[in-house]
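One structure is given below, encoded as structure tokens.
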Amino acid sequence: MRIAVISDTHLPRGARRLPEACVQRLRAADLIVHAGDLVRLAVLRELESYGPVVAVHGNVDDVEVRGALPAAASVEAGRLTIGVVHDAGPAKGRLARLRRRFPDADAVVFGHSHTPLHEQAPDGFQIFNPGSPTQRRRAPAHTMGIATVAGGRLTFELIVVD
């Protein structure tokens, strides 16, 4: 199973749109996970035209998005569980905090900072922030992630979409 992972798209905004390299991966995925800050409901509808979507709302999403999406979600991927949330809080203690928030999850996808991050605990629990495909802020590039579930394992790959 291949899962396209994005966050912090902040659309629409002027001429900004999802990069074609991102759209290609979204269309090719078995599932799309968006970790919040879509901004408008039209963005969710566009993602749904590419394939199945699991998404949460973020801190800048409008009232329609907040009404349509939960603040946190979990998705089954094979026999593994992935938690999804927008804001994972301060960097200090984040891995442990997300493990407590999603005690049955094998991994948690989050957004908010626009800064890609992948951490793994010794027991295999993982957290992953895909950055942003549209608004990099302090990150060196526009990015997204691909999560792959195979053989009972979950792996994350960061993809530069510039």
Side-chain angles (χ1 to χ4, degrees), residues 1-11 18 22 25-26 28-39 43-44 47-48 50-61 65-161:
M1 178 178 203
R2 288 180 61 81
I3 304 166
V5 183
I6 60 175
S7 187
D8 298 287
T9 47
H10 293 263
L11 294 174
L18 290 171
C22 177
R25 287 174 174 86
L26 295 171
D30 299 304
L31 177 68
I32 299 165
V33 171
H34 194 299
D37 278 1
L38 297 89
V39 179
V43 178
L44 177 61
L47 295 176
E48 291 170 337
Y50 303 143
V53 177
V54 172
V56 298
H57 70 72
N59 60 299
V60 301
D61 289 323
V65 173
R66 287 177 177 271
L69 298 174
S74 290
V75 61
E76 298 299 316
R79 294 183 178 175
L80 303 172
T81 302
I82 302 170
V84 186
V85 66
H86 181 63
D87 186 352
K92 184 174 180 166
R94 182 182 287 140
L95 188 91
R97 187 172 52 254
L98 288 174
R99 181 192 298 271
R100 285 190 305 273
R101 183 162 184 188
F102 296 91
D104 298 325
D106 298 285
V108 176
V109 168
F110 68 99
H112 189 60
S113 70
H114 297 227
T115 304
L117 174 76
H118 182 215
E119 289 183 22
Q120 186 166 355
D123 67 357
F125 176 77
Q126 301 176 72
I127 62 173
F128 182 74
N129 183 328
S132 172
T134 56
Q135 191 179 56
R136 64 180 181 81
R137 291 194 181 160
R138 292 174 299 278
H142 295 98
T143 56
M144 67 178 293
I146 296 291
T148 303
V149 178
R153 292 192 58 221
L154 174 63
T155 58
F156 289 97
E157 177 184 4
L158 186 67
I159 306 289
V160 174
V161 294

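Inter-residue side-chain proximity for Val43 and Val65 is flagged as unmet; no heavy-atom pair is nearer than 4.5 Å. Looking at Ile6 and Thr134, their side chains never come closer than 4.5 Å, going by heavy atoms from C-beta outward. Inter-residue side-chain proximity for Asp30 and Val149 is flagged as unmet; no heavy-atom pair is nearer than 4.5 Å.
Separation of atoms CZ (Arg94) and CG (Leu117) is listed at 6.0 Å; rounding is to 0.5 Å. Atoms CD1 and CD1, from Ile127 and Ile82 in turn, are 14.0 Å apart once rounded to the nearest 0.5 Å. For the atom pair Met144 CE and Leu158 CG, the distance stands at 9.5 Å (nearest 0.5 Å). Summarising the geometry, atom CZ belonging to Phe110 is positioned 9.0 Å from atom CZ belonging to Arg97; distances are rounded to the nearest 0.5 Å. Between the NE2 atom of His34 and the CG atom of Leu26 there is a distance of 9.0 Å, given to the nearest 0.5 Å. Taken from CG in Leu154 to CZ in Arg79, the straight-line distance is 15.0 Å, to the nearest 0.5 Å.
Scored by the side chain to side chain contact (heavy atoms under 4.5 Å, CB included) test, Asp8 finds His10, Asp37, His86, His114, Ser132 as partners (sequence neighbours excluded). Applying the side chain to side chain contact (heavy atoms under 4.5 Å, CB included) test to Glu157 and every residue at least two apart in sequence or in another chain returns Ile159.
The heavy-atom pair separating Ala35 from Val56 by the smallest distance is C-CG2, 3.8 Å. In plain terms, the two heavy atoms of Ala121 and Leu95 that are nearest each other are CB-CD2, 3.6 Å. For the residue pair Phe102 and Ala73, the shortest heavy atom distance occurs at CE2-O, 3.5 Å. Scanning both residues, Leu18 and Cys22, for their nearest heavy atoms gives CD2-SG, 4.2 Å. Across all their heavy atoms, Gly111 and Asn129 have their closest contact at O-ND2, 3.4 Å.
Ser7 places no side-chain N or O within 3.5 Å of a backbone atom of Pro130 that could act as its donor or acceptor partner. Counting only distance, with no hydrogens or angles, the side chain of Arg66 and the backbone of Ala71 share no donor-acceptor pair below 3.5 Å.
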With side chain to side chain contact (heavy atoms under 4.5 Å, CB included) as the criterion, how do Ile3 and Val75 come out once you've worked through the C-alpha distance, each side chain's angles and the decisive distance to 0.1 Å? CA-CA 11 Å; Ile3 304 166; Val75 61; 5.9 Å; no
Candidate pair Leu44 and Leu69, rule side chain to side chain contact (heavy atoms under 4.5 Å, CB included), full reasoning: CA-CA 10 Å; Leu44 177 61; Leu69 298 174; 3.9 Å; yes
Evaluate side chain to side chain donor-acceptor pair (under 3.5 Å) for Asp104 paired with Ser74, printing each intermediate quantity in order. CA-CA 9 Å; Asp104 298 325; Ser74 290; over 6 Å; no
With side chain to side chain contact (heavy atoms under 4.5 Å, CB included) as the criterion, how do Arg99 and Asp123 come out once you've worked through the C-alpha distance, each side chain's angles and the decisive distance to 0.1 Å? CA-CA 11 Å; Arg99 181 192 298 271; Asp123 67 357; 2.8 Å; yes
Show the numbers, then the answer: is there a side chain to side chain contact (heavy atoms under 4.5 Å, CB included) between Thr81 and Asp106? CA-CA 5 Å; Thr81 302; Asp106 298 285; 4.1 Å; yes
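At most 12 non-hydrogen atoms from other residues, nucleotides or ligands lie less than 6.0 angstrom from CZ of Arg138. For Arg2, the CZ atom is loosely surrounded, since the number of other residues' heavy atoms within 6.0 Å does not exceed 12. Atom CZ of Arg153 is surrounded by 12 or fewer heavy atoms from other residues, nucleotides or ligands within 6.0 Å.
Evaluation of the ring pair (Phe, Tyr, Trp, His ring centres under 6.0 Å) test over residues 135-156, restricted to residues two or more places apart or in two chains, returns His118-Phe156, Phe128-Phe156.
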